[in-house]
Amino acid sequence: MKSQLLLMKLGGSVITHKDKPLSPNFKVIKDLSHTLASIQMPLVLVHGGGSFGHYWSVKYKMHSKPDCYDLHGISIVHQSMIALNEIIVDSLIKEGTNPYAVTPSTFTNGLRPIISKIEELRTIAKGGILPITFGDVVHVSRQNYSILSGDSIMTILAKVLVPSKTIFTVNVDGLYKDMKNAEIIREIDNATYKSIEFSKILTDVTGGMRRKIKEAFKIASSGMDVLLVNGLKPERILNAIDGIDIDCTVIRGIKTRSR
Ligand code: IPE
C-alpha cells in the first residue's frame, strides 16, 4: 500500500556544476533547500555525486560493477560524497529543515536492501526528521567494492517504502522527444513505453539520463508513478507534489508485474 511519503532524488547535475570538478552549485542547493523546507509531507531524500563522486570515480576507474578497486580511490570517492552531503545538509539546516544524513551502507548489505533499516527511514521521516542519503562507494564482498548510484538507491528505497510520490530532479525539463525543438515526452505509460524508440532518445541525452530512466522504469514496474522534474526550477517540485500540471515527464506505474 502506498504511504504518504515523498521520495526524491537531487540529481548531481542539479546540485553541482557537472563539468567543473568538485564544484557545488551553492545557489541551487540553497534554493532547493528553501523549497524542501516548505514541503509538509514526510520526505526521504537521495542525492547524486555530480562533479564530486563522479569526478573521483572516473579518476580511479571505479564503476557500478563490484571489483577490487584502488583502495585510495575508495576512500577519496566516499569522502567526496560525505563532503558534498555536508554542504547539502548544512544548507537544509539553514533553511529550517531537520536533515539526518545516512550513508547507504547503513541500509544496504552489499547491494541488497536491509528492509528494517529502510523502514526506519520512513519512521523518522514521519516524525519530522529528513533522512538524506547519497550515491556512494559501498563494500560488497571480500575486497570487492562498487559504486552504488543515487538512482539505484532510489529503486532500492522505492521498492520498500512504496512512496506516494517519487521524483527525480534533473537539470532539464524531462525526457526529450526531440532535442532540436526541446520537446519533452510528458507521459510514458505501459503502451507508449513500448512504442518509444529509447535507443534514439537516450543517445540524445547524457549517459546519466539513460541510467536514471532505467531505474525509473524499475520503480514504475512496481506500479508507482515516477516524475522527472527540472530541479533548477524548484517551484515545479511543489506543483508536482500538489498534483498541478507542470512541464515534466511522468513515467506511469505499470500495473502488470512485468519486471
Ligand atoms: C553517483 O551517484 C555516486 C558516485 C559516483 C559515488 P549518481 O550516479 O546517482 O549521481 P548523479 O546524480 O548521476 O550525479
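Just so you know, ligand 1 is whichever comes first in the structure, and atom 1 is the first atom listed for that ligand.
- Contact annotation for Lys9 and ligand 1: only side-chain heavy atoms (C-beta onward) come within less than 4.0 Å of the ligand.
- Of all atoms in ligand 1, numbered sequentially from 1 with element shown, those under 4.0 Å from a heavy atom of Val77 are 6 (C).
- Taking all heavy atoms of His78, Lys212, His54 into account, the minimum distance to atom 1 (C) of ligand 1 is reached by His54.
- One finds no salt bridge joining Asp90 and Lys94 here, because no Lys/Arg side-chain nitrogen approaches an Asp/Glu carboxylate oxygen to under 4.0 Å.
- An N or O contact shorter than 3.5 Å links Gly50 to ligand 1 by distance.
- Ring orientation note: the planes of Tyr60 and His72 are nearly perpendicular, at an angle over 60° on the 30°/60° scale.
- The side-chain hydrogen bond (donor to acceptor under 3.5 Å, both in side chains) analysis of residues 97-111, with sequence neighbours excluded, yields the pairs Thr103-Ser105.
- The shortest N or O to N or O distance between Gly12 and ligand 1 is under 3.5 Å.
- Taking distance alone, with nitrogen or oxygen atoms compared against 3.5 Å, Gly150 approaches ligand 1 more closely than that limit.
- The ligand atoms of ligand 1 that sit less than 4.0 angstrom from a heavy atom of Ser57 are 5 (C).
- Looking at Ile153 and Phe107, their side chains come closer than 4.5 Å, going by heavy atoms from C-beta outward.
- Rounding to the nearest 0.5 Å gives a distance of 13.0 Å between CD1 of Ile185 and CG of Asp173.
- On a distance-only criterion, Ile147 and ligand 1 share no N/O pair closer than 3.5 Å.
- The ligand atoms of ligand 1 that sit less than 4.0 angstrom from a heavy atom of Asp151 are 9 (O).
- Every residue two or more places apart in sequence or in another chain that forms a side-chain hydrogen bond (donor to acceptor under 3.5 Å, both in side chains) with Ser91 is listed here: Ser33.
- Under the 4.0 Å criterion applied to side-chain N and carboxylate O atoms, Arg186 and Asp247 are assigned as salt-bridge partners.
- The contact set between ligand 1 and Gly11, taken as ligand atoms under 4.0 Å from a residue heavy atom, comprises 12 (O).
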